[in-house]
Number of protein chains: 2
Amino acid sequence: MDVAAAAGVSKSLVSLALRGDHGVSAATSARILDAAERLGYRSNTLARGLVQGRTMLLGVLLTDLANPYHTEVVSGVEEAAEERGFTVLLAHGRRDRARLARQLDALLQLNVDGVVVVSSWPEPQVLAAAARRVPVVMVGRPETPAPGVDTVANDDRAGAEAAVRHLAELGHERIAHLAGSGRPASRAREAGYRETMRNLGLAAHTTVRGVGGGSDHGTDSGTGGAGSRERAAAELLATGPTAVFATNDLAALAVLDRAHEAGRPAPGGVSVVGYDNTSLAETVRPRLTSVDQPRLVMGRLATGLLLERLGGRVEDRHEVLTPDLVVRASTAPPRPR
Amino acid sequence: MDVAAAAGVSKSLVSLALRGDHGVSAATSARILDAAERLGYRSNTLARGLVQGRTMLLGVLLTDLANPYHTEVVSGVEEAAEERGFTVLLAHGRRDRARLARQLDALLQLNVDGVVVVSSWPEPQVLAAAARRVPVVMVGRPETPAPGVDTVANDDRAGAEAAVRHLAELGHERIAHLAGSGRPASRAREAGYRETMRNLGLAAHTTVRGVGGGSDHGTDSGTGGAGSRERAAAELLATGPTAVFATNDLAALAVLDRAHEAGRPAPGGVSVVGYDNTSLAETVRPRLTSVDQPRLVMGRLATGLLLERLGGRVEDRHEVLTPDLVVRASTAPPRPR
DNA sequence: AAACGAATCTGGAACGTTCCAGATTCGGGT
DNA sequence: ACCCGAATCTGGAACGTTCCAGATTCGTTT
C-alpha cells in the first residue's frame, strides 16, 4: 500500500484511519487521509470482502430492464439498502432462463450478501441453490417458489376486486374481463374477477376472453403478441359489455383501441380498467384507470426481509401487499340507454 | 478449499481442472468436477480478481433505469460483452450527481475492467478521474466530456435533417420546431432543424418554441415538466404550422394532444415527428413517426471501444452514428386548402 | 523513580484464488 | 539398468485488505 509509505506509517494504521477508527491520533489521521487523497487511492472491495466474509453488496436480479414495473421496485430496494450502508448491483437476465441463472451465479461469485430477484422467471431449483448460500427474496411472484426464499407480492385477487367494485359502483353490470396468459399473476386476477362478480350478484354477466392458449409455460405474457391481444379484445367487445377489466395495462390499451375503432370510445362507449399502473396509463388517451401495486414499498420491504435474514431469521416469510386503484379518465358511469 | 480435500488432490490442481487446463488427466479432472458439483462449489470472483488484476467484469453506469432509451443501449453492451466472456454489472445512479459519483466509485472499487456510462450526467472531472484507472466510454453525449474518455453518440443534426426533409418531401413548408431544454442534444437538434430549413429554402418558415428557460443546468430535460411542454406546444400550434418536428417523443406527444384538442388531429390537421423512437411512439395514436437512434449498435460499439482500450489503444476515439427515420402514421401530406 | 494504564501504532496471519517453480511418476529408448 | 522427457501433480508466494496480539510511547499515580 503506497499510501502507507507516503504517510510514513504501517498499512494497518492506514486501514484504521480510512475507516475512521477513533484509536488513531488526529494528526496522523489527517496525514494519512491527505496522502490517500493525493494518490487517488480507493480501497479494494475485493480484498476487503475476501477477509471480512461480507461485502456490503446487495445483488438485484432483473428479467427485464425495460419493464417500468421492475424498475420502480429496484428504486425501493436501493433506497432501503443505501440507508443501511449497502451498495446495490444490478444483473440483467433478460427473458432467458439460462442467462438468468448465469447472472445469478455471477452475483453469488461476487460474494454479494443477498439477492433480490425481481422477476418470476428463474427456475425454483436455481433459486433454492442460491438461497443455500445467501438470503434470497423474490418480488412479484404470488406463490412461494422454493424453500428458503422469502417473497413479496401484491394481492392480485384484491386488486381485481377493487377494479370490479369500482366499475360496479359506477353502475356497470356487464363487466367483462380480458385475461392474460396462464401465468400465476393473471390467473389470480381472473379468479379475483370471477369471485367479485359472484359476490356482487353479477355472476350472470361474467365474461372472459384471454390471449394465448393458456399454456402455463408460454414464452411471454401474452403469447402470440400484440395481434392475439387485439383479437381477444375485439372478441370481448363483441359480447357487448359496458365495462372491461383488463389483466394489465397493455391489454387495456388494446381494448381502448378496439373500442375507439368500433365507434364506442372510452369512457362513454365502454369503461376500461388496467392493472400495474405503468407509465402507459399516464400517456394513453383517455388516461387509464389502473390498479397500482405499491412498487416502491415492495422494494423496500424486500430489502427489509433480506436484512432480517442476515440478522439470523431462519423461517420463511411471505409478504402480501394490497394494491390501490388509481382512478383516471377511462372509467365513467354507463351511458343510459 | 474443501473440494481439494474431497477429491484428494491439491488446491492448485482443483484450480487447473476447473479452468479446463489440458494438463490434468481425464480421470482426475472428472473426480474433481464431480466433487465440486456435489459440494455446490463456485469460484470466488473476488479472490481471482485480486490475484489476476482483472475481473472480466464490465460496469455500466446508468442515470435512469426507467428510460427505455438507456436500456436498449445496455442490451447492446451486454451482447457484445458476453461474446467476449465479460460479465456486465449495472449500477444505477438516478438523476443525482452525488449518487452517480458514488456508484461509479463502487464499480471502480470492485475492480471492474472498464465502465460504460449511459448518461450525460456525470461531471467531467469525476469521469476523468475514473478514466485514469480503467477505460471509460460514454454513450449518448454529443461532445467529448473529458480527456481519456471515448464517446459514442448519434448525429443529432443528421437526425433533425432527416425529419425535416421527410416533412418537406410530403409537401410541407410551414414546418415548426418544438425545442427542448438547453442540453447539448436538444441544441444540436435545433441547429440541425434551422440549418435544414435554410438549405431547403424554407428559412422564412422557421419557427421555434421551447420548453424551459434554456438554462443549461436545468434539473431535467424539459424543466418545468409536462405543463411547460403543453404550453409550448399550444403556443407553437397557434403560429399555424402544417407540420411540427419535436425534440423528443414526449414533446411530440404533447403536440399530438394539443392538436387533437384544437380540432386538427394528426396527421390530417398537422404532421408530427418525434425523436428517439421510444416505446411511446408505438403506443400513442396515431403511431408516431420518429427518429431512431441505433441504440443496440451504439451499445455494441461502446463495448468494442472499451476492449480496444484494454488492448492498449491510447488515443481517444469519438464515434458518431447516423440515426434512421421510422415513418409511422403521424405524418402525411398537408391538407390542400 | 518505578509502575501502571491508556493511547497509539506495528507486524504477521488470514481470506480464496492464481501463478510459478519445481517434484514426482511413468513409459520408452538406449 | 539407466536416463530422459513428457505428463501430471504439488507447495508456497502473491494479490490488498482486515484482524488480532502485542509493542511502543507517554502522562499520571504512587
Side-chain angles (χ1 to χ4, degrees), chain A residues 1-37 39-57 85-87 105-113 133-134, chain B residues 1-37 39-57 85-87 105-113 133-134:
Chain A
M1 200 185 314
D2 19 355
V3 175
V9 297
S10 72
K11 61 182 170 50
S12 308
L13 197 56
V14 171
S15 174
L16 288 175
L18 289 177
R19 280 176 294 156
D21 190 292
H22 53 276
V24 184
S25 75
T28 324
S29 181
R31 200 149 36 89
I32 293 174
L33 293 182
D34 183 64
E37 175 69 33
L39 299 178
Y41 169 84
R42 355 227 97 164
S43 74
N44 184 329
T45 306
L46 274 57
R48 193 200 346 267
L50 199 51
V51 53
Q52 292 198 140
R54 88 215 138 101
T55 49
M56 297 302 277
L57 295 173
F86 284 83
T87 296
D105 231 55
L107 287 177
L108 294 181
Q109 289 184 18
L110 272 174
N111 277 19
V112 294
D113 290 341
R133 302 192 66 211
V134 295
Chain B
M1 194 181 323
D2 17 357
V3 175
V9 296
S10 72
K11 61 182 168 53
S12 308
L13 197 56
V14 172
S15 174
L16 289 174
L18 289 177
R19 280 176 293 155
D21 191 292
H22 53 277
V24 183
S25 75
T28 324
S29 180
R31 199 150 35 91
I32 293 174
L33 293 183
D34 183 64
E37 175 69 32
L39 299 178
Y41 169 84
R42 354 228 99 163
S43 74
N44 184 329
T45 307
L46 274 58
R48 192 199 347 266
L50 198 53
V51 52
Q52 290 195 334
R54 90 215 138 102
T55 49
M56 296 303 276
L57 295 174
F86 284 82
T87 296
D105 231 54
L107 287 177
L108 294 181
Q109 288 184 18
L110 272 175
N111 276 18
V112 296
D113 290 341
R133 301 192 68 212
V134 295

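For the numbers below, each heavy atom of this structure counts, side chains included, while hydrogens, waters and symmetry mates do not. Each chain gets a letter, A, B and so on, in the order the sequences are listed, and its residues count up from 1.
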S.K.: Select one nucleotide: of dC15(C), dT18(C), dC15(D), the one nearest the side-chain heavy atoms of Val51(A).
M.R.: dC15(C)

S.K.: Take atom CG of Asp21(B) and atom P of dT17(C), then tell me their distance rounded to the nearest Å.
M.R.: 17 Å

S.K.: Output the single nucleotide from dT10(D), dT10(C), dT8(D) whose closest atom is nearest the side chain of Ser25(B).
M.R.: dT8(D)

S.K.: Would you check if Leu110(B) and Thr55(B) make a side-chain contact, meaning some heavy-atom pair closer than 4.5 Å?
M.R.: no

S.K.: Once you round it to whole Å, what is the distance between P of dA14(C) and NZ of Lys11(A)?
M.R.: 13 Å

S.K.: Is a side-chain donor or acceptor of Arg19(A) paired with a backbone partner of Ser15(A) at a separation under 3.5 angstrom?
M.R.: yes

S.K.: Roughly, in whole Å, what's the span from CZ in Arg42(A) to P in dG16(D)?
M.R.: 16 Å

S.K.: With a 4.0 Å limit, can you tell me whether Arg19(B) has a side-chain N or O closer than that to the phosphate oxygens OP1/OP2 of dT18(C)?
M.R.: yes

S.K.: Atom OG1 of Thr28(B) and atom CG of Leu16(B): how far apart are they, to the nearest 0.5 Å?
M.R.: 11.5 Å

S.K.: Nearest whole Å is fine: how far is dG16(D) C1' from Arg133(B) CZ?
M.R.: 12 Å

S.K.: So, do Arg48(B) and Thr45(B) sit near enough that their side-chain heavy atoms are less than 4.5 Å apart?
M.R.: yes

S.K.: When you check the phosphate oxygens OP1 and OP2 of dC15(D), does a side-chain N or O of Gln52(B) lie under 4.0 Å from one of them?
M.R.: no

S.K.: Whole angstroms only, please: what is the CZ-P distance between Arg54(A) and dA14(C)?
M.R.: 21 Å

S.K.: I'd like to know if Ser12(B) reaches the base of dG11(D) with its side chain, counting only an N/O donor and acceptor under 3.5 Å.
M.R.: yes

S.K.: Specify the residue among Leu50(A) and Val24(B) whose closest nucleotide of DNA chain D lies further upstream toward the 5′ end.
M.R.: Val24(B)

S.K.: List the steps and the verdict of side-chain contact (heavy atoms from CB on, under 4.5 Å) for Val134(B) and Leu107(B).
M.R.: CA-CA 10 Å; Val134(B) 295; Leu107(B) 287 177; over 6 Å; no

S.K.: Let me know the distance between NE2 of His22(B) and P of dA7(D), rounded to the nearest Å.
M.R.: 9 Å

S.K.: Given atom CG of Leu13(B) and atom P of dA21(C), what is their separation to the nearest angstrom?
M.R.: 19 Å

S.K.: Side-chain N or O of Thr28(A) versus OP1/OP2 of dC9(C): is the shortest distance under 4.0 Å?
M.R.: yes

S.K.: To the side chain of Ser10(A), which of dG11(C), dT18(C), dT17(D) is closest?
M.R.: dG11(C)

S.K.: CG of Leu46(B) versus P of dA14(C): gap in Å, rounded?
M.R.: 20 Å

S.K.: Select one nucleotide: of dG16(D), dT10(D), dT18(C), the one nearest the side-chain heavy atoms of Ala47(A).
M.R.: dG16(D)

S.K.: With a cut-off of less than 4.0 Å, is there a side-chain N or O of Ser15(B) near OP1 or OP2 of dG16(C)?
M.R.: no

S.K.: Pick base, sugar-phosphate or nothing for Thr45(A), based on heavy-atom distances below 4.0 Å to the nucleic acid.
M.R.: nothing

